[in-house]
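Encoded as structure tokens, the structure appears first; notes follow it.
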Protein chains: 2
Amino acid sequence: MSGQAVTLADVALAAGVHPSTVSRVLSRPQLIGEPTRTAVHEAVARLGYVPNRAARQLAGGRVGSIGVLVPDITNPFFAQIVRAVQQGCRDAGQTMLLADTDQRADEELSGARALAGSVDGFVVCSPVADMKGWRSVVGDTPLVLVNRRANGISSVALDQRAIVELGVQHLRDLGHRTIGVVRGPTAYWSSRERDRVIRTLDGITVLGPVAPDFQAGIALAAELMASSVTGVLAFNDVQALGIMAGYRAAGRSVPHDLSVVGSDDIAAGAMSDPPLTTVTAPVQQLGVTALQLIEQLIAGGGATDEVSLPVSLTIRRTTKAAARGAGTHLARRGEPQ
Amino acid sequence: MSGQAVTLADVALAAGVHPSTVSRVLSRPQLIGEPTRTAVHEAVARLGYVPNRAARQLAGGRVGSIGVLVPDITNPFFAQIVRAVQQGCRDAGQTMLLADTDQRADEELSGARALAGSVDGFVVCSPVADMKGWRSVVGDTPLVLVNRRANGISSVALDQRAIVELGVQHLRDLGHRTIGVVRGPTAYWSSRERDRVIRTLDGITVLGPVAPDFQAGIALAAELMASSVTGVLAFNDVQALGIMAGYRAAGRSVPHDLSVVGSDDIAAGAMSDPPLTTVTAPVQQLGVTALQLIEQLIAGGGATDEVSLPVSLTIRRTTKAAARGAGTHLARRGEPQ
DNA sequence: TCGATTCGTGCAAGCGTTTGCACGACGGTC
DNA sequence: GACCGTCGTGCAAACGCTTGCACGAATCGA
């Protein structure tokens, strides 16, 4: 009455050909002669045939679905990526299997294990498990990493160097001399990467590691107030928002007492008061690119690719020029820049 | 070398039994004798056997996955539901197929069509397509609705009456007399439901319909400022945040010039300035319940169920007592209440 | 004009499960 | 002690599709 009643055989019958011919028309049309092809297509359309995924997979063809793992779908950053991937999948007639790993390495691996064999490939966002574990789980199922790099594995990541440099430079341009940069959890590749960048910069006050969440941001605010930092680059927007909340709670004001730059540019940042200056990431693009890479890998284009996506600065209202006196003592002992 | 190498047959061989026996141990253990059962379990564990989804489905058994459709995964409200469902799935050894419908009826239906036959059941969040369309697509695949009701279909929804009443009552308790309630898009069941509640209330200024997003909230702020409304219940938190932004941009202040109550209690609300007073929805519970319902339906417990989830008021700082004079003119002509 | 290609299609063997059926062994009843 | 139910397990047929192989027809070069 419904649910997958019409099969390949039905179509074949209707078109007066062999089932295998129908199959070929659908998967590799160039093998089939023009007249037959149109006849089959007509029958497919008339009967409303939809291939059975399971059967297709079982027979050894493509599965037609890709697995996506994210640390936390509740995080708008990942939600946007997922959305982009899903839209791409839809346009390509694929389906997406999603698993939320709760930022735990074991969940990551067990999630992948559960999906392995039911997907053509994996897109994994900010994984924390080590690559040896990953390899053993996915075997030779294509795999692309988002915001993480690893030898011999395709990946797409934000330009972490640019994030740090853009944020810091903006603060410097505003005259800030004592600039803080917040480190993230070392489990993240992005954190480690930024650390490396930070080390190459002069006159930076390194803070953290601090968790990339609101509460941690609030806690960090106290530390900031006790320091001479006048401008800070947070690890991400949520943390930045936390810093702002901490200042507010203490009766201090952003950007008057502290200039804050976030990173990612999530929607909540644009809605905050004042709206958050941040380093905008092409989040959508991250998803789109990941999908492209995995499709390419699935199609057999074996080359591994490491794509780096550029970021840009979005200036809103949490940053302002440093007060005359502020940071002077640092300027005295620091880099004239 | 990996990727689903070990099959039922391998396990059977290792355990010295017939494949069908292994299958039964895994699906209906009570049919099999104790000694055999343990032997099989041991072999399964030792070999690290993972059933092949496609084969299982093809053979007519359970698919082991459920399809979830959301209007917008980027919306934290839905993201949280998805997360809850996914965790439940994981615990039950199921997988989740997610599709984002972009709030479009056609995407909803075509998404469902693509998934039909690959899932044991559907969980559909706030669908806008009509139920006739749905029925024709899903056939007799189990279906549960989240935040939408329909005859003869299991569903779980928030108590829309309570949302409106809680919000309005809070404002009344604070002495507000000219209270605005914002309607949402009529495509949503929740909107229509709230409309019905609003009609039963006296002395309410009905606003909208207004889209449940930030921009629309900003636009609404102008209208609000021109009115005599001193307290407003927004359709959801994001819209409420928009209203606040609109006031701020106009140099007015919340809650001084307007008390605002949101609805949903998303994370961004707690992080706003001032933090948003809102009607808190048990979002997690929404997902958990939906999963329970669908599992029950899949298991064959045919009864359709309409669950209503209670909400509660979370008072933060966007509401305050009405100024003495405010709303007097309304009190004059309005209900003494 | 004939052999060698190429092209288009049919055939059938799987892919890994589930499940209805059958069959042997065992224990209890008259 | 023969008979019947029960219980535990093996057997084999499906599920819907893909794909290597084979075979006849059409095409081309010499």
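Below, read A as the first sequence line, B as the second, and so on, with proteins coming before strands; counting in each chain starts at 1.
Rounded to whole Å, the distance from CZ on B/Arg56 to P on C/dC15 is 19 Å. Between B/Gln57 atom CD and D/dC17 atom C1' there is a gap of 12 Å when expressed in whole angstrom units. Separating the CG atom of B/Leu26 from the P atom of C/dT17 is a distance of 9 Å, rounded to the nearest angstrom. One interatomic measurement links the two molecules: CG of A/Asn52 to C1' of D/dT18, which rounds to 13 Å at whole-angstrom precision.
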Evaluate A/Leu26 against A/Val22 for side-chain contact (heavy atoms from CB on, under 4.5 Å), listing each step before the verdict.
CA-CA 6 Å; A/Leu26 265 30; A/Val22 178; 4.2 Å; yes
Could you go step by step and tell me if A/Arg83 and B/Asp72 meet the side-chain contact (heavy atoms from CB on, under 4.5 Å) rule?
CA-CA 8 Å; A/Arg83 185 160 216 244; B/Asp72 178 9; 3.2 Å; yes
For nucleotides 4-9 of chain C, give me one character per nucleotide, 5' to 3': B if any protein heavy atom sits under 4.0 Å from the base, S if the only such contacts are to the sugar-phosphate, - if neither.
----SB
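Using a 4.0 Å heavy-atom criterion, one finds that B/Arg28 contacts the sugar-phosphate atoms exclusively.
Across all their heavy atoms, A/Ala281 and A/Leu158 have their closest contact at CB-CD1, 3.6 Å.
Put simply, OG on B/Ser190 and CZ on B/Arg149 are 11.5 Å apart, with the number rounded to the nearest 0.5 Å. Atom CD of B/Gln285 is separated from atom CD of B/Gln292 by 7.0 Å, given to the nearest 0.5 angstrom. A distance of 11.0 Å separates NE2 in B/His18 from OG in B/Ser23, rounded to the nearest 0.5 Å. In this structure, A/Leu145 CG and A/Met131 CE are separated by 4.0 Å, a value rounded to the nearest 0.5 Å.
Rounded to 10 degrees, the angle separating the terminal helix axes of the helix from C/dT1-D/dA30 to C/dC30-D/dG1, each built from five base pairs, is 40°.
The shortest distance between the side-chain N/O atoms of A/Ser23 and the OP1/OP2 oxygens of D/dT18 is below 4.0 Å.
Looking at B/Arg90 and A/Glu107, a side-chain N of the basic residue comes within less than 4.0 Å of a carboxylate O on the acidic one, giving a salt bridge. Using a 4.0 Å cut-off between a side-chain N of Lys or Arg and a carboxylate O of Asp or Glu, B/Lys132 and B/Asp130 do not qualify as a salt bridge.
Counting only heavy atoms from C-beta on, B/Leu58 has its side chain closest to D/dG16 among C/dT17, D/dG16, D/dC17. Comparing D/dT19, C/dT18, C/dG14 by their nearest atom to the side chain of A/Ala59 picks out C/dG14.
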